[in-house]
Visitor: 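I'd like to ask you about the structure that follows.
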Amino acid sequence: MHSNGLFLKDVAGFLGLYYTGLAIMNAIAAIVFWQKTKQPGWAAVWSVFSVVMLVLASLALAGTAELVPSLPMSARKLVNTLSGPVLYTLGTTALLTVLFIFRKFFVQPMVAWTILNGMLLVMGLSMADENFSSIVMKADNVPIVGLVFLLAFFTWLATSQAVVNDERIKQGLPPMEKLADEKVLVWPDLVYTELICMVAVSAFLLLWAIFLQAPLEEPASSVKTPNPSKAPWYFLGLQEMLVYFDPWYAGVVLPSLVVFGLMALPYLDFNKKGNGYYSIEERKFSYLVYQFGFFELWITLIILGTFLRGPNWNFFGPFEYWSPYKVEVLNNFDLPQMFWVTLLDRPLPVASAGSSGLVQAGTILLREAPGLVLMGIYLVVLPPLLAVTIFRKFYAQMGFIRYMVMSNLMLLMLTLPLKMILRWTVNLKYIVSIPEISLNF
Amino acid sequence: MAIGEIIRTSQIWKSIFRHPMPLDRRNRIVVMLTNFFLHLHPVSIKKQGIALSFTWCMGGVTFFLFLVETVTGVLLMFYYRPTLEWAYNDILALRDVTSLGILRELHRWGAHAMVITTWLHMYRVFLTGSYKPPREFNWVIGVILLLLTLLLSFTGYLLPWDQLAIWAITVGSNMARATPILGYEGPGQQLLTIGGIDMITDGSDARFGLLGARFVGEETLNRFYVLHCIAIPLAAALLLAIHFWRVRKDGGISGPL
């Protein structure tokens, strides 16, 4: 796509409004900081930022494509070259880890406000890129952009309350929620809140419906396969897992396990603390497991699957054109291949033609022995081993059955990141591969 | 007498509302107990339990969106016929011919929003540890409702019958082909044979059950339409009722003891 000039004229009006909105937002914030929280220094900072946004808005609306504020080409190229599934996954992991460890710093209102403005500014500048905005502005993808900002906001909201509560609990004080203990009447205090919420949601939905048309493509045709063919956005995390696993596991077994694991959660979490208020310190283990599953294995995969996977499910940088001709070399090997051929320098065990079923099954088992032994160690030996080492306290409190369910669910959850790492490091395709019964793992 | 007073003391008004206007403390309590729509609520609640910073209001918003989807969905059913001949053209007409043509937009964006608010509601319930005793089972019902929300969205995705629709459903439902033992490309399906005849074929496996055919076609459209408009909403409505009832029975909204 090189029709940049025309595209920029189309998007300029939107960006003008967008930056104007940012300017107004920060002007209001500046007034609040000045009058309400008495922070004139910060008020000045956000006033200046607001003016800068106004300048960007006028540049966008100037009517000349060259003036529309955008990221420099070199920066976009750099991002495209650097980005890939490995860096994306490691990067988001590192980012979430840093946010978690230094949460006391990041929840401060001024820090959070700075980050929000940073996100919105980068978003605006990126929108001036044709490839970026063609994917982000796709009608059905807009909710995911909303989801990212909503999740950031609500995680901040929850974490800032948890940080306060954790500090209070350390000092022997009850959590903040305990302070608003007096009872109020539901009419009017709750029913009016509900009414206002309903009005607000209706207004929001109406505006969304008026300004963004629902997508309608060409009539369905079972002979014209679009490239890429994607599931609805909320299932794209599962579709992304298909890179690493066969459909039986990524599309059937793992989702079932997710549902089962979520249902089992209240029966596995034996920690009585942290019931009815925000806290992290009191329930760090369950908190980290949930956040890992939700953010790492669900949300980031959805974002990856929606915005960064193009034709043939190849990875594309955020500013890269989705060319259907991009070729990615796949050079992956199965574990038996690695073990028998590469390591032992022998051919794969093959049963001679016409041998009995038993011999054939035995040969398959021999061929797959390395993978089967590894899986056996992982799922059968590891849980008891963990029970007497790092999970000793858990085992003592949970009992055999609950402990086994929990440890197996966790180990199965970890199969995804482990398979990712094995794919990236040693090009492993399957640990066990028995095409004779369509079983590849 | 002021006009408002006349209305409020009329026989019709008093026959509809079983209580006077909730203007004083007594009647604010009475209204919660005697009004059908309000009796879902308790009469009084801890201040903490209605703080937006605590609740995020996401469960309520999700339910409201469910109602929006029901109303817009019924209206859409007036216009839409789930057949290969009409499905796409009806959606096209809905956009180009119908006045105030944002009905489908309201329905579609409401559906996306509902998926998101369900996740956020669940996220809040997790972060406040509200699934802990005595609320374990209500969390389980919530997980089923989450699943139903996704299935509602998924089955609705097919109905416009455009390229986006059938290929998204094709990609999604192809997974069922790989169901262990019950999918004809799934591991172990070779094991289900009787007298050398394969029981699991592309005409009898899990995917066929889902689609009603070997590929996404008219049978699928009909099947998804019925699931989307009748079966799943009914199931969801029942579970919603239990979900709300359990909130009350399990001690109301959670809070520190």
Visitor: If I measure from the heavy atoms of chain A, does B/Phe64 come under 4.5 Å with its side chain, its backbone, both, or neither?
Guide: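 For B/Phe64, the contact with chain A is made by the side chain alone.
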Visitor: Is B/Ile166 close to chain A through its backbone or its side chain, or both, or neither, when contacts mean heavy atoms under 4.5 Å?
Guide: side chain
Visitor: Using non-hydrogen atoms and a 4.5 Å limit, figure out which bit of B/Trp139 sits close to chain A: side chain, backbone, both or neither.
Guide: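 Only the side chain of B/Trp139 comes within 4.5 Å of chain A.
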Visitor: When only pairs under 4.5 Å are counted, which of B/Glu136, B/Gln48, B/Lys132 shares the most heavy-atom pairs with chain A?
Guide: B/Lys132
Visitor: Return each pair, listed once, that meets salt bridge (Lys or Arg N to Asp or Glu O under 4.0 Å) where at least one residue sits in residues 244-264 of chain A; pairs must be two or more places apart or across chains.
Guide: none
Visitor: Grab the two heavy atoms, one from B/Met175 and one from A/Pro247, that are nearest each other, plus how far apart they are.
Guide: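 For B/Met175 and A/Pro247, the tightest heavy-atom pair comes out as SD-CB, 4.3 Å.
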Visitor: Under 4.5 Å heavy-atom distance to chain A, tell me which part of B/Leu147 shows up: side chain, backbone, both or neither.
Guide: side chain
Visitor: Count the heavy-atom pairs under 4.5 Å between each of A/Ser202, A/Pro219, A/Ala209 and chain B, then report the option with the highest count.
Guide: A/Pro219
Visitor: Checking heavy atoms, do the side chain of B/Glu185, its backbone, both or neither come under 4.5 Å from chain A?
Guide: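 Contact with chain A involves the backbone of B/Glu185 alone.
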Visitor: Which bit of B/His41 comes within less than 4.5 Å of chain A, counting heavy atoms only: side chain, backbone, both or neither?
Guide: side chain
Visitor: In terms of heavy-atom proximity below 4.5 Å to chain A, should B/Val43 be classed as side chain, backbone, both, or neither?
Guide: both
Visitor: Using the test salt bridge (Lys or Arg N to Asp or Glu O under 4.0 Å), find all partners of A/Arg103 that sit at least two apart in sequence or belong to another chain.
Guide: A/Glu281
Visitor: Could you look at B/Tyr157 and say if it's the side chain, the backbone, both or neither that has a heavy atom under 4.5 Å from chain A?
Guide: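 Contact with chain A: side chain only.
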Visitor: At under 4.5 Å between heavy atoms, what parts of residues 141-149 of chain A are in contact with chain B? List them by residue number.
Guide: A/Pro143, A/Leu147
Visitor: Looking at A/Tyr249, A/Phe270, A/Phe204, A/Phe235, which has the largest count of heavy-atom pairs under 4.5 Å with chain B?
Guide: A/Phe235
Visitor: List the residues meeting side chain to side chain donor-acceptor pair (under 3.5 Å) with A/Ser433, not counting sequence neighbours, and say none if there are none.
Guide: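 Side chain to side chain donor-acceptor pair (under 3.5 Å) list for A/Ser433, sorted by chain: A/Asn440.
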